[in-house]
Chemist: 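Attaching a single structure in structure tokens format; questions to follow.
Ligands are counted one by one from 1 in listed order, and the atoms in each one are counted from 1 as well. What's counted below: heavy atoms across the whole structure, side chains too, no hydrogens, waters or symmetry copies.
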Amino acid sequence: MLDRPIEYLKGIGPQRAEVLKKELGIFFFGDLLTHYPFRYVDRTKFHAIREISEELPHVQLRGVIERLELVGTKNAKRLIVLFKDNTGMVELVWFKGYNWMAQQLKMGTDYIVFGKATLFNGRYNIAHPEITAATPEVISQQSALQSVYNSTEKMKLRGLDSEGIRKAQRHLLSQLHAQNIPETQSNAVMEEQQLMSRFTAFQKIHFPETPDELRRAEVRLKFDELFYIQLRLLKLNKTRAHTVQGFVFSKVGDHFNDFFKRYLPFELTGAQKRVLKEIRLDAGSGRQMNRLLQGDVGSGKTLVALMSMLLALDNGFQACLMAPTEILAQQHFATFSELLGKLPLKMALLTGSSKSKARKQIHTELMSGEINILIGTHALIEDIVQFKNLGLVVIDEQHRFGVAQRAKLRDKNSCPPHTLIMTATPIPRTLAMTLYGDLDTSVIDELPPGRKAIKTEHFKESQRLRVYGFMKEQIERGRQIYVVYPLIEESEKMDYQNLQQGYDHLLTEFPQPRYQISIVHGRLTNEQKEAEMQRFIKGETQIMVATTVIEVGVNIPNASVMVIESAERFGLSQLHQLRGRVGRGAEQSYCVLMTGYKLGPDSRLRMDTMVRTNDGFEISEVDLKLRGPGDIEGTQQSGIMDLKLANLAQDGKILQIARQVAQGVLDEDMNLELEKNRVYKIELERQLHNRQNWSKIG
Ligand code: ADP
Ligand code: MG
């Protein structure tokens, strides 16, 4: 029944079906059923025309037509209807479909009018209202919660406004029986979680009688959406654990111990110790590790990576680390060289700008096993790069890499190496559970000791001189400063102009020879970038003007001020990332957000959030609320985009329960073979099948 083409639904027919397909992608009965209302209104209450105000989100009136006229010509043509009850008069206006409407409407008929009133030239009018004859039948169908559906202009022209869709839903539901909508939860789970049946939930989501009924219908359908994503992810994880053999890192050897005893420059934080232990246990278990390491910027993930890599070496394996940018790869290489310089091991750096001779040599030495540790960029995943026995892959700043790239690295050995994915973009728990639900996670939730919280302030253009004064004062104290400009593809030309202007401006405000300024951006060659970077790292320059190239990972402890220009143009997670570039040394650090005067509500909230907190997780929650999950990288393949009702920013509780329940089901019955779990097996396969079909069409 649900697979029946939509034109066969009573009241639809081929023409309306065409519009539904084009406008909303509704092809089958089942598609219409999941075209959920986007809100509900109370339709039992009527307003008197006298009560109309712009404050009301909508008004419902009852009355008769006093006058009806088509006015204007051509593009300005419209239908104006004077509508009255015994308290007053209001104008109804149609700018489209007016001829048809004019024919339908009759004087003297008792009508119900529903819409949003706006004040125009001192008079209230309602544009494109719903208008229906107030027959006893219609009145009796008015419910306390009437569903409102999304519709488009083209649909409205075919009578498929919200009201039209509601009619279609009514027809559809009256034809459906419980057996047409197979249950997708086992009886046990439904009872335990007190879920209403799926069939009832569909009826009640479209035609709820009470708010409580509506809430329960929503919970049931959201639960299903989230549950099946989790079931899929957790099943993947379990299957991998059972079928994919991992290398066993059984011992802690000389590399690790020597480093720990003799070269570790500081005491590990409790969180670093805990995470290292988690990694050791996992990599020693015989299953292949797939672990996500989350830790706020500056929490010391690099060291954890380094020590995990030593563990790989101790067990006779090679290890590699992949970073998203050349600068970052170089920096990692420098850090590793400094820390591991005295250990008997060989490291190499491979990036896009490695010369072909050096590159060839690296390839050979990787194959022979001479090189133990390889650090690099995307260049690492080229097919030509082959290892003798790669045992551990570390991916830094995961959000820059796609799932496909991750997979490619994993395929670098016949037996997939352990994988550690590090991300400094804290993501809300709900999102992590869904994006990385198939991975195990470790969290570094503690910063190295002695760090002072970064102070963040928001300034507007008029306060620029004050900001310069502050910068000079900091330079006087021997500190260094980043000044970052936004750069996005769409406005690249303008953005470079702004950057250049800003740079020129700084040159006059901070004159040589007292002040030296570096500049780094994407239009420089790698050598130029590297040279500028080095000048700053060595302290030869006090100010580094840059685009977001420096966003990720760069570590210069003496840099203690981050000035972000046009901060309103950055997203929250990017702002937080940028701020994380400072506050790495012992000095008090500062972040200065420069914006224009006028800020929209979202921008204001972003600035206020940054000023208020340094907590990456808290920031990520606000970010999720502002942007929704669709804009967050990696969401495309995750199933999040299939969510129609559930909202990760709001339904964390349901998600958590859904995950627990899915885990419970799999713990007992990993392959879903028990009779009571048949529903899960069938529904999972159905979803998988649908996905495959869609990707074929795509
Ligand atoms: P991130 O997690 O952002 O990658 P890094 O690994 O770059 O952070 O570490 C940030 C800074 O903290 C580095 O300068 C590093 O040397 C330092 N650091 C890391 N661990 C500790 C520790 N346990 N005690 C003191 N400083 C540490
Ligand atoms: Mg890092």
Chemist: Looking at Phe459, does the NZ or CZ of Arg466 lie under 6.0 angstrom from its six-membered ring centre and within 45 degrees of the ring axis?
Modeler: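 The answer is no, since Arg466 fails at least one limit relative to Phe459.
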Chemist: Once rounded to the nearest 0.5 Å, what's the spacing between atom CZ of Arg579 and atom OG of Ser589?
Modeler: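 So the CZ of Arg579 and the OG of Ser589 are separated by 11.5 Å.
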Chemist: In this structure, does ligand 1 have an atom that sits under 4.0 Å from one of the heavy atoms of Ser299?
Modeler: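 Right, Ser299 reaches ligand 1.
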Chemist: Going by the atom numbers of ligand 1, which of them fall below 4.0 Å from some non-hydrogen atom of Thr302?
Modeler: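 Per the distance check, 4 (O), 5 (P), 6 (O), 7 (O).
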Chemist: Just jot down the ring-ring contact (aromatic ring centres under 6.0 Å, His included) partners of Phe470, sequence neighbours excluded, or say none.
Modeler: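 Checked Phe470 against ring-ring contact (aromatic ring centres under 6.0 Å, His included); matches are Tyr590.
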Chemist: Is there at least one pair of N or O atoms, one from Gly298 and one from ligand 1, spaced under 3.5 Å apart?
Modeler: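 Yes: some nitrogen or oxygen of Gly298 is under 3.5 Å from one in ligand 1.
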Chemist: Would you sort out whether Tyr468 and Phe510 count as a ring pair (Phe, Tyr, Trp, His ring centres under 6.0 Å), showing the intermediate values?
Modeler: CA-CA 9 Å; Tyr468 286 154; Phe510 295 81; 5.7 Å; yes
Chemist: Record the part of Arg451 in heavy-atom contact with ligand 1 below 4.0 Å; permitted values are side chain, backbone, both and neither.
Modeler: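 Looking at Arg451 and ligand 1, just side chain atoms fall under 4.0 Å.
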Chemist: Flag Leu303 as yes when one of its N or O atoms lies below 3.5 Å from any N or O atom of ligand 1, and as no otherwise.
Modeler: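 N/O-N/O distance below 3.5 Å does not exist for this pair.
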Chemist: Heavy atoms only, cut-off 4.0 Å: how does Leu268 contact ligand 1, side chain, backbone, both, or neither?
Modeler: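 The part of Leu268 near ligand 1 is the backbone, not the side chain.
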Chemist: Below 4.0 angstrom from a heavy atom of Thr269, which ligand 1 atoms are there? Numbered from 1 as shown, please.
Modeler: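 Near Thr269, the atoms of ligand 1 are 23 (N).
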Chemist: Going by the order shown, which atoms of ligand 1 are within less than 4.0 Å of some heavy atom of Gly300?
Modeler: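 Atoms satisfying the 4.0 Å criterion: 1 (P), 2 (O), 5 (P), 6 (O), 8 (O), 9 (O), 19 (C).
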Chemist: Can you see which heavy atom on Gly391 is nearest to which on Phe249, and at what distance?
Modeler: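 In terms of heavy atoms, the two residues are closest at O-CZ, 3.6 Å.
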Chemist: Given Gln577, Glu338, His332, Lys301, which has its nearest heavy atom closest to atom 1 (P) of ligand 1?
Modeler: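 Considering heavy atoms of Gln577, Glu338, His332, Lys301, the nearest to atom 1 (P) of ligand 1 sits in Lys301.
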Chemist: Going by atom types only, do Gln528 and Glu532 share a side-chain donor-acceptor pair under 3.5 Å?
Modeler: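 No - no donor-acceptor pair under 3.5 Å links their side chains.
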Chemist: I need the full list of salt bridge (charged side-chain N to carboxylate O under 4.0 Å, His left out) pairs touching residues 324-335, with sequence neighbours left out, sorted by first then second residue.
Modeler: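 Not a single pair qualifies under salt bridge (charged side-chain N to carboxylate O under 4.0 Å, His left out).
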Chemist: With a 4.0 Å heavy-atom cut-off (strictly under), which part of Glu267 contacts ligand 1: side chain, backbone, both or neither?
Modeler: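 Backbone only.
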